Participant: 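Would you mind keeping the following structure in view while I ask a few things?
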2 protein chains.
Amino acid sequence: MAGNRAPTIYDVARHAGVAASTVSRAFSRPGRVAPATVGRILAAADELGYRLNPLARAVTTGRTAMIALVVTDVACPYTAGMLRGAQTAAAEAGYSTILADLACPEAAADLDRVVASVDGLVIAAPRLPDEEVRRLAAERPLVLLDRVLPGLPGVVPDVPGGMRAAVAHLAALGHELVTYVAGPEGTWPDGIRRRALRQAGSEHGVQCRGIGPFPATLAGGLAAAGDLLSRPTTAVVAHDDLIAAGLIHALTARGILVPQEVSVIGFGNVAAGALITPGLTTVAAPLRLMGDTAVRSLLSRLGGAEVPDEPAVLPVRLVTRGSTAHRRLNRTAPGGPVVVAGSGTFLPTS
Amino acid sequence: MAGNRAPTIYDVARHAGVAASTVSRAFSRPGRVAPATVGRILAAADELGYRLNPLARAVTTGRTAMIALVVTDVACPYTAGMLRGAQTAAAEAGYSTILADLACPEAAADLDRVVASVDGLVIAAPRLPDEEVRRLAAERPLVLLDRVLPGLPGVVPDVPGGMRAAVAHLAALGHELVTYVAGPEGTWPDGIRRRALRQAGSEHGVQCRGIGPFPATLAGGLAAAGDLLSRPTTAVVAHDDLIAAGLIHALTARGILVPQEVSVIGFGNVAAGALITPGLTTVAAPLRLMGDTAVRSLLSRLGGAEVPDEPAVLPVRLVTRGSTAHRRLNRTAPGGPVVVAGSGTFLPTS
DNA sequence: TTGAAAGCGCTAACAG
DNA sequence: CTGTTAGCGCTTTCAA
């Protein structure tokens, strides 16, 4: 509260005995200024406590050094992992990140103002309508996360590979029917997971069917349990880990044993999956890497690179824990809970 | 890629046959312009696809309509809850949020640039040193989350109340000794929880001791299990839910029954606590409300309000699930797992 | 290598 | 109610 306004390049210029434009250069391209002069300017600057005003710079250059991270819910662990990777990559490149969480209606309404303030966007919001995405893409460079839209760059996990691994795992355990517990209808992640599972099933001679849609939350999984009961199955692949966890919880509460009576596989590999009982077998998506890759891709476009015609596909792996077991396990195991060796200590890293 | 630069107020002005300043007014204080004129201007504006440039506005007004959310880790569920509340409140007031995650070293180094771009900050970063916080406070208005620093506004949960409830609960279950599993050393949340627990213990005739510190993560809880074994106890209050969950997991893996042999209480009430087995008894902090309150407080200061002399203290409540039980339970219950009624279906809402 | 001067897009007096 | 005229803090020609 010293009362005096923040120092500007003019103050520094006067203090160092040079022109304002020289001060500006000293900060933006030190190479174009004599080293001695740079030294004097830097000295003057920190003597006055000068700091560059990024907004003013943005007005003239047209670049804000900020990118927007548009997500559906910060509090969702799947999102959070990608956010973490994105934030790190952005910071490394000297970019700040504006967070826009569409879970808040006001934030959604305000998207345009955010767009106007950034150089580009990373979008991890499955339920944002395609047309809306394209409208944004017309406004600013953007990269899609966990979504594909023709003509737009994106970063996705290798869902077909993951589903193949999941089905192979189930088939090896003797399962002949797998039920997909669907997530939000009409979203890219749900569509691809469903299709990939069906395809993998036909490759392995495993029959597939689906129930749903359900919200991609614990509550969604809880709700799914009811539906599942009316359509018996020995194996489930859930749209994501949250649904899987909720499902296991609800099934267990109703006295249905996992994995003895039904095997459950999730998608994502978020931390909670390692903690529940039994530990969740899941298709691990490289969340941090996805966020990181999306930001790097965006920044390279901002740097003038071409838009790649194909989305980047990142490898996944199947993490097996205790929630999957042989279909016939219930015939040989006693009624009590079965401790599956090593089912718990593995923690996800993304 | 139409090639032509974005339209400015000058373009709109020409199109509508008025002066640029009138266009400016039409957007910033529509009241000061004749309704008919506003109409013409708005029409011209959207005919040209004009959008206000928030950065340019910021240069002249000195206000950016952005606030910074400084956190220690976006991927931590405790943080995420507060973030969610903060983001919502900010959006409601027409503010965008810049996310600065100190878990990324580069983001930490870049904090100054973020500070220069925002009107104020909300800080939820326990390990950011006090001096650093004060330095930031000298730069911009700020509100602390889950932390108290004399002279600075803050928003905190009612930790003493929560610990009193936790200890009362344990005392009622016959426990006479409780072990605090400490979180990051020297942080405000850890200090207050430790002190409040000790105080509550002395009020209820329950002896307290501590082990730690441990990182506030699942891995921290896993590590704590080892220490705990060498110092037997019948009840534990963990620094937070993550530590508690990790601890329960590790104890169970070693064959120690929770809650039969040891009762465990967490802090926070994050979603995972409801899913693990047994369900986690925990002091529920109003995370969303905390974030919301912090932002409102910040915005009211930006609007000219006085700095409150006392931090806002928000109520907590004890959520009891299956991880706590009577100290003598192990003498009456059989060796197998005990299903505690109602232990699972309650999901946290913050 | 440096300075002078002209903006960037917008807001804010100050007339009228 | 509206137009004119200065800036905001910085970058960027253009000369020197």
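Letters A, B, ... mirror the listed sequences (proteins, then strands); counts begin at 1. Quantities reported herein were computed from a predicted structural model and do not represent experimental measurements.
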Participant: Before giving the answer on side chain to side chain contact (heavy atoms under 4.5 Å, CB included), spell out for B:Leu99 and B:Val74 the whole-Å C-alpha distance, their side-chain angles and the decisive distance to 0.1 Å.
Facilitator: CA-CA 9 Å; B:Leu99 179 65; B:Val74 230; 3.8 Å; yes
Participant: List in numerical order all residues of residues 31-45 of chain A for which some heavy atom is under 4.0 Å away from an atom belonging to DNA chain C.
Facilitator: A:Arg32, A:Val33, A:Ala34, A:Thr37
Participant: Going 5' to 3' on DNA chain C, which nucleotide is the first and which the last to come under 4.0 Å of a heavy atom in chain A?
Facilitator: C:dT1 to C:dC8
Participant: Can you pull every protein N or O that's under 3.5 Å from an N or O on nucleotides 11-13 of chain D?
Facilitator:
| residue | atom | partner | partner atom | Å |
| --- | --- | --- | --- | --- |
| D:dT11 | OP1 | A:Arg57 | NE | 2.5 |
| D:dT11 | OP1 | A:Arg57 | NH2 | 2.6 |
| D:dT11 | OP2 | A:Ser24 | OG | 2.5 |
| D:dT11 | O5' | A:Ser24 | OG | 3.4 |
| D:dT11 | O4' | A:Thr60 | OG1 | 3.3 |

Participant: Decide yes or no for B:Glu106 and B:Cys104: does some side-chain heavy atom of the first lie under 4.5 Å from some side-chain heavy atom of the second?
Facilitator: yes
Participant: Filter on ring pair (Phe, Tyr, Trp, His ring centres under 6.0 Å), then keep only pairs touching residues 71-95 of chain B, sequence neighbours left out; what's left?
Facilitator: none
Participant: Is it true that atom CZ of B:Arg32 has more than 12 heavy atoms of other residues, nucleotides or ligands lying nearer than 6.0 Å?
Facilitator: no
Participant: For B:Glu185, give me all partners under side-chain hydrogen bond (donor to acceptor under 3.5 Å, both in side chains), at least two apart in sequence or on another chain.
Facilitator: none
Participant: Output every pair passing ring pair (Phe, Tyr, Trp, His ring centres under 6.0 Å) with a member in residues 20-44 of chain B, not counting sequence neighbours, ordered by first then second residue.
Facilitator: B:Phe27-B:Tyr50
Participant: Taking the axis from the first five pairs and the axis from the last five, what angle separates them in the helix from C:dT1-D:dA16 to C:dG16-D:dC1, rounded to 10 degrees?
Facilitator: 30°
Participant: Under the side-chain hydrogen bond (donor to acceptor under 3.5 Å, both in side chains) test, which residues partner B:Thr97, sequence neighbours left out?
Facilitator: B:Gln87
Participant: Test of understanding: with salt bridge (Lys or Arg N to Asp or Glu O under 4.0 Å), list the residues that count as partners of A:Arg14, not counting sequence neighbours.
Facilitator: A:Asp11
Participant: Quick one: are B:Glu139 and A:Arg51 in side-chain contact, heavy atoms under 4.5 Å?
Facilitator: yes
Participant: According to side chain to side chain contact (heavy atoms under 4.5 Å, CB included), who are the partners of B:Ala86, at least two apart in sequence or on a separate chain?
Facilitator: B:Leu69, B:Val295
Participant: List for me each residue that meets side chain to side chain contact (heavy atoms under 4.5 Å, CB included) alongside B:Glu132, sequence neighbours excluded, and say none if there are none.
Facilitator: B:Leu128, B:Pro129, B:Arg135
Participant: Under the side-chain hydrogen bond (donor to acceptor under 3.5 Å, both in side chains) rule, what pairs show up with a residue in residues 113-123 of chain B, not counting sequence neighbours?
Facilitator: A:Ser96-B:Arg113, B:Thr64-B:Asp119, B:Asp110-B:Arg113
